[in-house]
A.B. asks: 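Here it is, the structure in full.
Below, each value reflects all heavy atoms present in this structure, side chains not excepted, and no hydrogens, waters or symmetry copies.
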Amino acid sequence: MTLQQQIVGNAMQMAVCTLQPGQTVYCEAGKFLFKTANVAMETRLGGSGAGQQGGAGGQGGGMGGFLRQAMGTAMQVGQRVLAGESLAFQYFTASGGEGTVGFAGVLPGEMRALELDGSRAWFAEKDAFVAAEDSVRFGIAFAGARQGMSGGEGFILEKFTGTGTVIIAGAGNFIDLNPADFGGRIEVDTGCIVAFEEGIQYGVQRIGGLNRQGIMNAVFGGEGLSLATLEGNGRVILQSLTIEGLANALKKAQGGDKQGPTGGLFSTNIG
């Protein structure tokens, strides 16, 4: 059952979803906006999309089934904590006719609905997830400790598998690129990546060498020491505004900016 959804708004977009009777979507707690009265809301610690059916069904009965379910719930909660998400998901199910439910991200910017057909997973930066059909499974993936530590954005990515619609959000405006259209590789500010398809290789490279120009890039260039690299043939979504850039702009407007005129290594990283 295809999810009917519409992205509305400009500066801070919203996703308005129309649910058929019995259809379910889930979202990260805190990203729900509104619903019609015939849409039931349930908050769950366990379960995140495809494969979760509630209760102990499919896991065996008795104490063994209960323990397996409890362990599975703990692992799923732990995944969300690692990914920087809330501990719980909220599930919305329509009954007695069509229902409507609205969601939004937490920063001024765009939203995007991604359609998964089961052939490719999607990966997204932490906190990009907004909502998804219950046929989409939410998980985490590791970009590699070295890449994550160097990139400054953390090496844990959100991972979406299964079939159906998943809605993500980011800051500023989005641009869709395919590295294959640019010689197979693009280099990106580490804070500008929103999401990319499976098959894209994610990495981090140092800006320049340990020479005069490399030091100038790092200290005065405003990008720090590293850039993210995206290689392969697939869809990549980038955002025009980084969270660090937004935080620094707000701090500067409040008279508390400490990054000075140079940026780069002297910039204030507000987390």
A.B. asks: Name the atoms and distances for all side-chain donor-acceptor pairs under 3.5 Å in residues 162-174, with sequence neighbours left out.
C.D. replies:
{"residue": "T165", "atom": "OG1", "partner": "E115", "partner atom": "OE1", "Å": "2.8"}
{"residue": "T165", "atom": "OG1", "partner": "E115", "partner atom": "OE2", "Å": "3.0"}
{"residue": "T165", "atom": "OG1", "partner": "E133", "partner atom": "OE2", "Å": "3.3"}
{"residue": "N173", "atom": "ND2", "partner": "E110", "partner atom": "OE2", "Å": "3.4"}

A.B. asks: Look up atom OG1 in T18 and atom CG in L3, then write down how far apart they are to the nearest 0.5 Å.
C.D. replies: 8.0 Å
A.B. asks: Hey, does N233 have a side-chain heavy atom less than 4.5 Å from the side chain of E197?
C.D. replies: no
A.B. asks: Measure the NZ-SG distance between K35 and C17 for me, rounded to the nearest 0.5 Å.
C.D. replies: 14.5 Å
A.B. asks: Write down the atom of L238, the atom of L177, and the distance for their closest heavy-atom approach.
C.D. replies: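 Looking at all heavy atoms of both residues, the shortest contact is CD1-CD1, 3.7 Å.
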A.B. asks: Donor-acceptor pair, distance only, cut-off 3.5 Å: does the side chain of Q13 make one with the backbone of R112?
C.D. replies: no
A.B. asks: Could you walk me through whether Q90 and E42 satisfy the side-chain contact (heavy atoms from CB on, under 4.5 Å) test, starting with their C-alpha distance in whole Å, then the side-chain angles of each, then the deciding distance to 0.1 Å, before giving a yes or no?
C.D. replies: CA-CA 6 Å; Q90 293 177 304; E42 180 184 3; over 6 Å; no
A.B. asks: Is the backbone of G234 close enough, under 3.5 Å, to the side chain of N178 for a donor and an acceptor to pair up by distance?
C.D. replies: yes
A.B. asks: Considering the options F123, F89, W122, Y26, which one meets the ring-ring contact (aromatic ring centres under 6.0 Å, His included) requirement together with F138?
C.D. replies: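 Only one option passes, and that is F89.
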A.B. asks: Are side-chain heavy atoms of Q20 and Q4 found at a separation under 4.5 Å?
C.D. replies: yes
A.B. asks: Taking the side chain as C-beta and beyond, is there a heavy-atom pair between F160 and L116 under 4.5 Å?
C.D. replies: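 Answer yes - side chains close enough.
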A.B. asks: Taking all atoms of both residues into account, what is the closest heavy-atom pair of T43 and A88, and its distance?
C.D. replies: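 Minimum heavy-atom separation between T43 and A88: CG2-CB, 3.6 Å.
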A.B. asks: Restricting to non-hydrogen atoms, name the atom on L227 and the atom on T190 that form the minimum distance, rounded to 0.1 Å.
C.D. replies: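 Between these two residues, the closest heavy atoms are C-CG2, 4.0 Å.
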A.B. asks: Look at the side-chain heavy atoms of Ile, Leu, Val, Met, Phe, Trp and Tyr, link any pair under 4.5 Å apart, and say whether F32 and Y91 land in one connected group.
C.D. replies: no
A.B. asks: Quick check for you: to the nearest 0.5 Å, what is the distance between L230 atom CG and I193 atom CD1?
C.D. replies: 4.5 Å
A.B. asks: Considering only heavy atoms from C-beta outward, does the side chain of M41 approach that of V101 to under 4.5 Å?
C.D. replies: no
A.B. asks: Between T93 (side chain only) and T24 (backbone N and O only), is there a donor and an acceptor less than 3.5 Å apart?
C.D. replies: no
A.B. asks: Is there a path of hydrophobic side-chain contacts, each under 4.5 Å between heavy atoms of I, L, V, M, F, W or Y residues, that connects Y202 with V188?
C.D. replies: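 Cluster IDs for Y202 and V188 match.
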A.B. asks: Would you name the heavy atoms of M12 and V106 that are closest together and state the gap between them?
C.D. replies: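 Looking at all heavy atoms of both residues, the closest pair is CE-C, 3.6 Å.
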A.B. asks: Show the numbers, then the answer: is there a side-chain contact (heavy atoms from CB on, under 4.5 Å) between T100 and V16?
C.D. replies: CA-CA 7 Å; T100 302; V16 179; 3.6 Å; yes
A.B. asks: What about I7 and V130, same hydrophobic cluster or not, with Ile/Leu/Val/Met/Phe/Trp/Tyr joined at side-chain heavy-atom distances under 4.5 Å?
C.D. replies: yes
A.B. asks: Donor-acceptor check, side chain of N38 to backbone of S95, threshold 3.5 angstrom: yes or no?
C.D. replies: yes
A.B. asks: List the atom of I156, the atom of K126, and the distance in Å for their closest heavy-atom pair.
C.D. replies: O-CG, 3.4 Å
A.B. asks: What distance separates I237 CD1 from R235 CZ, expressed to the nearest 0.5 Å?
C.D. replies: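 The CD1 atom of I237 sits 4.5 Å away from the CZ atom of R235.
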A.B. asks: Treat each ILVMFWY residue as a node, draw an edge where side-chain heavy atoms are under 4.5 Å apart, and state whether I200 and F182 are in one component.
C.D. replies: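 Yes; tracing contacts between hydrophobic side chains, which count when under 4.5 Å, links both residues.
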A.B. asks: Please report the shortest heavy-atom distance between Q23 and T2, naming the atom on each side.
C.D. replies: NE2-O, 3.6 Å
A.B. asks: Side-chain contact test, heavy atoms from C-beta onward, threshold under 4.5 Å: evaluate it for F196 versus L157 and give yes or no.
C.D. replies: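 Contact flag for F196/L157 side chains = yes.
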A.B. asks: What do you reckon, is CG of D181 surrounded by more than 12 foreign heavy atoms closer than 6.0 Å?
C.D. replies: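 Yes, enclosed.
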A.B. asks: Could you see if V136 belongs to whatever hydrophobic cluster contains L19? Use Ile, Leu, Val, Met, Phe, Trp, Tyr and a side-chain cutoff under 4.5 Å.
C.D. replies: no
